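Report on the structure given below.
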2 protein chains.
Amino acid sequence: MSKNAKFVEKLRETGLRPTKQRVKICKVLFDREKTFHFTINDLVKRISEEFNEKISLATIYNTVHAFEKKGYLKEISINSDKSYFDTNTSVHHHFYDEDTHKLIDCNENDIESINIKKNITGKKINSVEVLIRVASDNQNQN
Amino acid sequence: MSKNAKFVEKLRETGLRPTKQRVKICKVLFDREKTFHFTINDLVKRISEEFNEKISLATIYNTVHAFEKKGYLKEISINSDKSYFDTNTSVHHHFYDEDTHKLIDCNENDIESINIKKNITGKKINSVEVLIRVASDNQNQN
DNA sequence: ATTATACATTATAATCATTCTAAACTGTTG
DNA sequence: CAACAGTTTAGAATGATTATAATGTATAAT
């Protein structure tokens, strides 16, 4: 089965019409070896690099949000400037390089399981996320 | 020594002129028992409640950023909509209530120390932050 | 005390990411 | 093929934050 056919199937399975825009965005996001961490701006750039036909910015936003809702993508909170998304939707943590502004995945084995001893009455835990900020070793900190 | 005099001293010590706006903002932020988690909007509301004279929005932004730079405040990343700030600048983690959009501090003892086994070549760890998202137990998740 | 100067405050405008709108278009179903 | 719901689109609107530039104020020198 071709890559495209797989994406069409995936979209249809989750109740999203396989439009040509969505299939193209799937190719950019999911047709790759490694996890892809990106901002909307990164995605816009990739799309314009890979295809001649442009996709409207509104569609890119719509699609990313649709994909997030369907569980294809996960949003990562780093700062308030930008939204970062991750094609790896499993439970995992991140390193954030403050020099390059890039995210690096943290595997299951890179971090010991986190034991939370407190709980909030009437609330259940939806997620536990660890963000490890790193920066160049020889740089001054002001 | 009066509260005001303390704030004046604190400001001067870190090279900030103790203007009346800054002292007022100090009172709102630091003259309280518990840690204060807030957005700029929260702070604006508090100021208008506590004082007759208004402080310009630009000044509030400037002051919060100045205070953050001087280490009086810490920014907490939750999502890209809003910036949250915390008057507790020590290393600690948070619960985020997705129903009420409020932060709750996590004490040292509420979470076991996090052991990170991976390191990024040439980079040092600046911070390790855990965010635990919670929501009402009996609510559907869509 | 007065003055000079650098630092702060202010209202308003500008910016920038994101969302909304409503018209045109397209995939799907019968 | 027709009908309809779902989608895309350009451009406008929004909303948080930042820049601007004029006015005001704390501080240090006179």
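Reminder, nothing fancy here: chain letters follow the sequence lines and each chain counts from 1. Just so you know, these numbers come straight off a predicted model, no measurement behind them.
In this structure, Thr19(B) does not reach the dA8(C) phosphate: none of its side-chain N or O atoms is under 4.0 Å from OP1 or OP2. A sub-4.0 Å separation between OP1 or OP2 of dT18(C) and a side-chain N or O of Ser83(A) is present. Contact check, Gln21(B) against dT10(C): a side-chain N or O comes under 4.0 Å of OP1 or OP2.
Looking at the side chain of Ala58(B), the nearest of the listed nucleotides dT18(C), dT12(C), dT17(D) is dT12(C). Listed candidates were dT28(C), dT10(C), dT19(C). Nearest to the side chain of His65(A) is dT19(C). Side chain of Leu16(A), nearest nucleotide from dT7(D), dA10(D), dT10(C): dT7(D). The listed nucleotides are dT9(D), dT9(C), dT18(C); the one nearest the side chain of Thr59(B) is dT9(C).
In terms of position on DNA chain D, the residue among Asn62(A) and Arg12(B) whose nearest nucleotide sits closer to the 5' end is Asn62(A). A residue-by-residue look at Gly15(B) and Lys54(B) shows that Gly15(B) has its nearest nucleotide of DNA chain C further toward the 5' end.
A continuous path of Ile, Leu, Val, Met, Phe, Trp and Tyr side chains, each step under 4.5 Å between heavy atoms, connects Leu73(A) with Leu57(A), placing both in one hydrophobic cluster.
Protein atom CZ of Arg22(A) is 6 Å distant from nucleotide atom C1' of dT7(D), rounded to whole Å. Residue Asn41(B) contributes atom CG, which lies 11 Å from atom C1' of dG15(D) at whole-angstrom precision. One can place CG of Leu11(B) at 13 Å from C1' of dA8(C), the figure rounded to the nearest angstrom. As a whole-Å value, the separation of Arg17(B) CZ from dT27(D) P is 7 Å. Nucleotide dA16(D) holds its P atom 14 Å from the NE2 atom of His101(B), rounded to whole Å. Distance CD1 (Ile60(A)) to P (dT19(C)): 14 Å, rounded to an integer number of Å. Taking atom CZ of Phe67(A) as the reference point, atom P of dT7(D) lies 11 Å away to the nearest angstrom. Note: OH (Tyr61(A)) to P (dA17(C)) measures 7 Å, nearest angstrom.
Asn4(B) and Lys6(B) form no side-chain donor-acceptor contact under 3.5 Å, judged by distance and modelled atom types alone.
A salt bridge links Asp99(B) with Lys123(A): at least one charged nitrogen is closer than 4.0 Å to a carboxylate oxygen.
For the pair Lys20(A) and Phe51(A), the NZ or CZ position fails the cation-pi test of under 6.0 Å to the six-membered ring centre and within 45 degrees of the ring normal.
With respect to Tyr72(B), the side chain to side chain contact (heavy atoms under 4.5 Å, CB included) criterion is satisfied by exactly one of Leu11(B), Thr63(B), Thr89(B): Leu11(B).
Within the 4.0 angstrom heavy-atom criterion, only backbone atoms of the sugar-phosphate kind lie near Ile55(A); the bases stay farther away.
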